Every structure is written in structure tokens, then in C-alpha cells.
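Here is the structure we will look at.
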Amino acid sequence: MLYNKRTYAWCLAAVAALSAYPLFFGVRIAVLALVNGGIEPWQYARYVIPYTAVSASVLIAAAAAPLLLRLGRWAAGAAALCGLALFFPLEYAMEQLTVRGAAFQNAVLMQLASCIATPAARSALLLSLSGYLDGAFRIHYYLVSLLLIAMALGTVYGFLRPRADARGRAAQTARLVCTAVFLGFCVFANFTGFFRTSTDLLSPLSAGLTALFFVVMAASTGVFAGSALPARLARAAPCCSAAAALAVCLVMYYGEYRMLGGRLYQLGVGAFFIPTSLMSLSPADLALLTVSAAAGALACLFVSRKA
């Protein structure tokens with residue numbers, strides 16, 4: 001038998017339970033848009049983009065495990081590719097849902113307002129939304145979606161095809177913890193925007209949460225990147241993890257840079273936080289990128305030591 005049917009049922013039930021909220025609201029606003037020709041701004045659920053498409057993709061790819069597990073060690077990778085192939089058309093369809101009102105035209109503009117500011121500050125941005133609409137802000141949640149799909153399916157398929165050695169067990173536990181923590185941060189960010197305001201200068205709370213998000217994302221990426229390497233390349237795993245973590249954080253920075261029209265959120269006040277000419281990165285941003293890369297390497301080393 002390629003997999004344990006009871007484990008498969010539990011994994012599928014867990015994915016379905018975690019996906020219930022975004023799937024319910026995604027289907028709800030899609031039906032409202034089809035029936036009424038659009039939705040009202042108050043009917044839009046911030047959880048919908050991108051989590052409806054993410055949830056549907058993960059659920060379908062997880063359900064396909066009986067077929068994909070026939071690929072052996074390539075099953076998790078194939079599932080991630082399957083999930084991504086499902087995600088992009090589903091996400092595009094959700095983005096194009098019409099939202100009535102003078103400020104918003106479709107769901108993707110609603111998401112843009114959610115990305116930029118908190119509900120209290122969003123009204124100050126409605127008149128200037130057109131200045132942000134080059135579409136590059138999608139980099140943020142496309143990257144997060146890619147990571148969530150890969151992490152969730154990597155965790156599910158790790159349970160369905162467990163490795164008996166200590167390294168495999170330690171990596172699977174670390175993947176589960178990282179997926180849960182990163183998902184929690186993503187949901188929290190989606191609902192609160194880390195309490196950002198309409199200005200580029202972040203409050204200490206917002207800056208701290210943003211920095212912590214980058215470190216958690218980097219550490220999670222490092223764990224998955226390191227555990228994906230074969231045992232014979234274990235010594236290179238920390239370096240690969242650090243490189244993967246840094247690459248992910250740089251892409252996130254680039255998405256923010258494009259979203260804000262060539263600026264970045266400022267993490268604090270003082271010379272250490274003043275942007276430089278290098279893509280508006282401040283010394284604080286460079287320090288955060290360095291810490292994030294180190295977090296990726298250290299997380300990978302921690303898993304290796306536990307094994």
C-alpha cells in the first residue's frame with residue numbers, strides 16, 4: 001500500500017477544516033457576483049484573495065494523493081506543481097469579480113486597499129488608488145500563496161509518505177510547525193495589515209510585526225529548502241536554506257517597492273532607518289535581510305541537530 005488510508009482521511013479532513021472559511025466566502029461572493037452582476041464593497045471578504053484559490057488548490061492536490069504518491073519521492077513536488085497549476089486560473093477568476101462603487105472596480109482593487117492600509121486609513125487612499133495600479137503588488141500574495149501551497153502540500157505528503165529515519169522525522173515535525181506558524185502569520189496579516197497606517201512610516205508595533213513576519217517566512221523557507229535536499233548534500237543544506245530565505249525576502253521587498261511606487265515602508269526614525277539609493281533599502285532593511293538569511297540557515301541547522 002502506497003499510503004495509510006486513515007492518515008489520508010485525517011489529512012484531508014484537516015485541510016478541509018482549515019479551508020472551510022475562505023472556500024465558503026469565496027463561493028458566496030462568486031455566486032453573488034454571478035447572480036447580481038457584481039458584489040457590494042461590504043460583501044467582499046478580505047480572506048478571499050488569495051486564500052480561496054490557495055485553499056481550493058491545496059485541497060484538490062491533497063485529494064489527488066492516491067494518484068500522485070505513485071511517483072514516489074517526487075510526489076510532493078508533483079503535488080506542489082499541481083497546486084500551482086490550479087491556483088493561478090482560480091485566483092484570476094476571483095480577482096475579476098466585479099465590485100460596485102466609485103472607488104473599486106473589481107476584487108483585486110479591494111485587495112490592494114487591504115495591502116496598503118488598515119480599514120481606518122483606507123478611506124484616505126480611495127482617491128489615489130489609480131497611482132498604485134501597475135499590478136506589481138500581486139507579487140506579495142502570489143509569493144505567499146506559492147509558499148503556502150508548497151508548505152501545506154509538503155507537510156501533507158510528508159505524513160502520507162513518512163520516512164523512517166531520524167532526519168526524516170525531525171524534518172516532518174519542523175515542516176508541520178513552520179507551516180502552522182507561517183499560515184497563522186499570513187492570516188493575521190491579512191486581517192490586520194500589521195496595523196499599518198496610510199503613511200510610509202511604520203509604528204513600532206507594525207515594524208516589529210513586519211520584521212517578525214520576514215524572519216518567520218525566512219525560517220520556514222529554510223526548513224523546507226534544507227529538508228528537500230538529499231542526505232548526501234546535508235552539509236550544503238544551511239547555505240541553500242540561507243540563499244532560499246534571502247531570495248524570498250528580496251522578492252517580498254521588490255513587491256513592496258513596486259506597490260508603493262518606488263518606496264518602502266520605513267521601519268523607524270533615525271539615520272539607521274533612512275533609505276539609501278539601493279532600491280530605497282535602509283541599513284535597517286539590510287540588517288533585516290541579513291537576519292532573515294541567518295534565520296533560514298539556523299532553522300535548517302536546528303532540524304539537522306535534532307535528527
Side-chain angles (χ1 to χ4, degrees), residues 11-34 39 41-63 79-99 104 106-119 122 135 137-156 175-176 178-194 196 209-210 213 216-217 220-221 224 248 251-252 255-256 259:
C11 287
L12 211 56
V15 173
L18 292 171
S19 303
Y21 186 91
L23 286 177
F24 172 79
F25 281 100
V27 171
R28 177 177 175 271
I29 69 168
V31 170
L32 288 172
L34 289 173
I39 59 173
W42 59 268
Q43 293 174 321
Y44 175 78
R46 293 176 65 186
Y47 211 108
V48 167
I49 290 180
Y51 296 107
T52 293
V54 169
S55 298
S57 302
V58 171
L59 187 59
I60 294 171
L81 291 176
C82 178
L84 291 175
L86 291 166
F87 168 77
F88 286 106
L90 289 171
E91 176 62 18
Y92 179 79
M94 294 301 300
E95 288 179 4
Q96 301 311 306
L97 294 178
T98 301
V99 180
F104 301 116
N106 55 33
V108 74
L109 300 191
M110 291 288 292
Q111 181 64 24
L112 173 57
S114 299
C115 287
I116 294 176
T118 60
R122 193 150 50 235
F137 77 95
R138 291 179 175 86
I139 293 172
H140 278 78
Y141 64 83
Y142 282 173
L143 175 62
V144 168
S145 299
L146 182 153
L147 291 174
L148 284 174
I149 290 170
M151 289 179 183
L153 291 172
T155 302
V156 169
R175 285 195 295 264
L176 176 61
C178 287
T179 301
V181 174
F182 183 58
L183 175 60
F185 256 96
C186 290
V187 173
F188 181 71
N190 197 270
F191 277 111
T192 67
F194 288 154
R196 292 192 298 266
L209 288 171
T210 300
F213 175 81
V216 168
M217 179 177 65
S220 301
T221 301
F224 276 82
V248 165
V251 172
M252 285 290 287
E256 180 184 311
M259 181 181 73

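One-based numbering along the sequence shown. Owing to the predicted nature of the structure, the values given are computational and were not obtained by experimental measurement. Only this structure's heavy atoms are used, side chains among them; waters, hydrogens and symmetry mates stay out.
- Taking CE from Met94 and OH from Tyr51, the interatomic distance works out to 14.0 Å, rounded to the nearest 0.5 Å.
- For the atom pair CE of Met252 and CG of Leu147, the computed distance is 8.5 Å after rounding to the nearest 0.5 Å.
- Judged as a side-chain contact (heavy atoms from CB on, under 4.5 Å), and not counting sequence neighbours, the contacts of Thr155 are Phe159, Gln172, Arg175, Leu176, Thr179, Phe224.
- Under the ring pair (Phe, Tyr, Trp, His ring centres under 6.0 Å) criterion, Tyr92 pairs with no residue at all, not counting sequence neighbours.
- Looking at every heavy atom in both residues, Leu153 comes nearest to Gly83 through CD1-CA, 4.4 Å.
- Across all non-hydrogen atoms, the minimal contact from Leu146 to Leu84 is CA-CD2, 4.0 Å.
- When side chains are defined from C-beta on, Tyr21 does not count as touching Ser55, because their heavy atoms never get closer than 4.5 Å.
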(request) Show the numbers, then the answer: is there a side-chain contact (heavy atoms from CB on, under 4.5 Å) between Ile139 and Glu256? (result) CA-CA 8 Å; Ile139 293 172; Glu256 180 184 311; over 6 Å; no
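- Two residues are said to be in side-chain contact when any heavy atoms from C-beta on lie closer than 4.5 Å; Val54 and Glu91 fail this criterion.
- Atom CG in Leu59 sits 10.5 Å away from atom CG in Leu86 (nearest 0.5 Å).
- Leu209 has its side chain out of reach of Thr192: every pair of non-hydrogen atoms, C-beta onward, lies at least 4.5 Å apart.
- Counting all heavy atoms, side chain and backbone alike, Pro22 lies closest to Thr52 at O-OG1, 2.7 Å.
- For Phe182, the ring pair (Phe, Tyr, Trp, His ring centres under 6.0 Å) partners two or more places apart in sequence, or in a different chain, are Phe213.
- Ring-plane geometry between Phe194 and Phe188 is classed as tilted, the angle between the planes lying from 30 to 60 degrees on a 0 to 90 degree scale.
- Nearest heavy-atom pair, Ile149 versus Ala80, reported as atom, atom and distance to 0.1 Å: CG2-O, 4.2 Å.
- Checked against side-chain contact (heavy atoms from CB on, under 4.5 Å), Leu32 has the following partners two or more places apart in sequence or in another chain: Arg28, Asn36, Ile39, Gln43.
- The side-chain contact (heavy atoms from CB on, under 4.5 Å) test applied to Ala63 returns Tyr8, Leu12, not counting sequence neighbours.
- Qualifying side-chain contact (heavy atoms from CB on, under 4.5 Å) partners for Leu183, counting only residues two or more places apart in sequence or in other chains: Leu148, Val187.
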